[in-house]
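In what follows, a single structure is set out as structure tokens and then discussed.
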Protein chains: 2
Amino acid sequence: MAEVAEFAAEPEASCDDLRSILSRVGEKWAPQVMGELDAAPRRFNELLRLVAPITPRMLTVTLRGLESDGLITRTVHPTVPPQVEYGLTRAGRKLFGILRTVASWTDENLPAVHSARAAYRAANG
Amino acid sequence: MAEVAEFAAEPEASCDDLRSILSRVGEKWAPQVMGELDAAPRRFNELLRLVAPITPRMLTVTLRGLESDGLITRTVHPTVPPQVEYGLTRAGRKLFGILRTVASWTDENLPAVHSARAAYRAANG
DNA sequence: CGGTATCCTAACGGATACTG
DNA sequence: CAGTATCCGTTAGGATACCG
């Protein structure tokens, strides 16, 4: 058993794996983009309008990030003009469900969060 | 009803509020610090050891951020030498519970995430 | 239509040294 | 013990313009 890490594909999520997912969905536009894709598959310019005022560059960056983690799919239909559809994967849909519970937490604890921020600013800077 | 926003303290979490929480817990050391505080109240140098190799500066930054959002408490006992205890608030404990479900998701979907990353790197850079 | 390229700034995060 | 101060490299994010 000297080669422990040879078949390291087993589900044993490290702290870094959790962190990479948290910062992925913590990216500025990620939640909104996932929200739109949870509602329906969307095309690039469609997202550009729905997630306004996002810029083309940031939409690309966000989509590529989510895609690279397997949270969304990118499907190119070889038509003229070109047509690209983005959608959530099953994993992405599940993860977005968890984000909804974070949103509920935020909703419930908004007063507490805001007063904590006010208190902190009052005490410090 | 012209002054809709006058008592805007009602729980109606905006998209920015969700995002601020997601990026708060997405900070590099936040999950580990919250995890240690979920296990028990801790003191500064205790955390410094437990969350190694975090630096004093980053621990301070992380703690101040969590405190300013009302997720943790900071209690100073006026003893000699000074003694400061950090702990999760009730809201912080609940939020950490949600982070656990994200951790479960990560655990389940680790293979998918890793193969998506490999595929993405293979296709692009 | 679905993106890139370039440039820029501000914020994040780390190393090291010092303090009430 | 519980932090601050200073410096500095890296990354996130935005503005603008252009391309297959």
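The sequence lines fix the lettering, A, B, ..., with proteins before strands; numbering per chain opens at 1. In what follows, every heavy atom counts, from backbone to side chain, and hydrogens, waters and symmetry copies are set aside. Bear in mind the structure is a predicted one, so any value in this text is a computation, not a measurement.
Here D:dA2 presents its C1' atom at 11 Å from CD of B:Gln83, a figure rounded to the nearest Å. Here D:dA2 presents its C1' atom at 8 Å from CZ of B:Arg74, a figure rounded to the nearest Å. Nucleotide C:dG13 holds its P atom 10 Å from the CZ atom of B:Arg24, rounded to whole Å. Straight-line distance from the CZ atom of B:Phe44 to the P atom of D:dG3: 6 Å, rounded to whole Å. B:Ile54 has its CD1 atom 13 Å from the C1' atom of C:dC12, to the nearest Å. Following rounding to the nearest Å, A:Glu27 (CD) and D:dT11 (C1') show an atom-to-atom distance of 11 Å. Remark: C1' of C:dC1 and CZ of A:Arg42 are 17 Å apart, rounded to the nearest angstrom. One interatomic measurement links the two molecules: CG of A:Asp16 to P of C:dG13, which rounds to 13 Å at whole-angstrom precision.
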>> Applying side-chain hydrogen bond (donor to acceptor under 3.5 Å, both in side chains) to B:Asp107 and B:Ser104, what does each step give before you reach the verdict?
In response: CA-CA 5 Å; B:Asp107 221 61; B:Ser104 298; over 6 Å; no
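For A:Thr60, the listed nucleotide lying nearest its side chain is C:dG3; candidates were D:dA5, C:dG3, D:dA2. Picking from D:dC1, D:dG13, D:dG3 the nucleotide with the shortest atom distance to the side chain of B:Asn45 gives D:dC1. Checked against D:dA2, C:dG13, D:dA15, the side chain of B:Met58 finds its nearest nucleotide in C:dG13. Nearest nucleotide to the B:Pro81 side chain, out of C:dG14, D:dC1, D:dG3: D:dC1. The nucleotide whose nearest atom lies closest to any side-chain atom of B:Arg43 is, among D:dC1, C:dG2, D:dG3, D:dC1.
For the pair B:Arg74 and B:Glu67, the salt-bridge criterion is not met [side-chain N within less than 4.0 Å of a carboxylate O].
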Let me have the donor-acceptor pairs involving side chains of residues 48-60 of chain A, under 3.5 Å, with sequence neighbours excluded, atom names and distances please.
unit_1	atom_1	unit_2	atom_2	d
A:Thr55	OG1	A:Met58	N	3.3
A:Thr60	OG1	A:Pro56	O	3.0

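At distances below 3.5 Å, at least one donor-acceptor pair connects side-chain atoms of A:Ser14 with backbone N or O atoms of A:Asp17. Between the side chain of A:Arg42 and the backbone N or O of A:Glu36 there is at least one donor-acceptor pair closer than 3.5 Å.
Under 3.5 Å, the side chain of B:Arg57 and the base of D:dG3 form no donor-acceptor pair of N or O atoms.
Proximity of A:Tyr86 to the phosphate of C:dC1: no side-chain N or O atom is located under 4.0 Å from OP1 or OP2.
DNA chain D is contacted by both A:Pro56 and A:Trp29; A:Trp29 maps to the nucleotide lying nearer its 5′ end (nearest heavy atom per residue). Comparing A:Leu63 and A:Arg19 by the nucleotide of DNA chain C whose heavy atom lies nearest to each, the residue mapping closer to the 5' end is A:Leu63.
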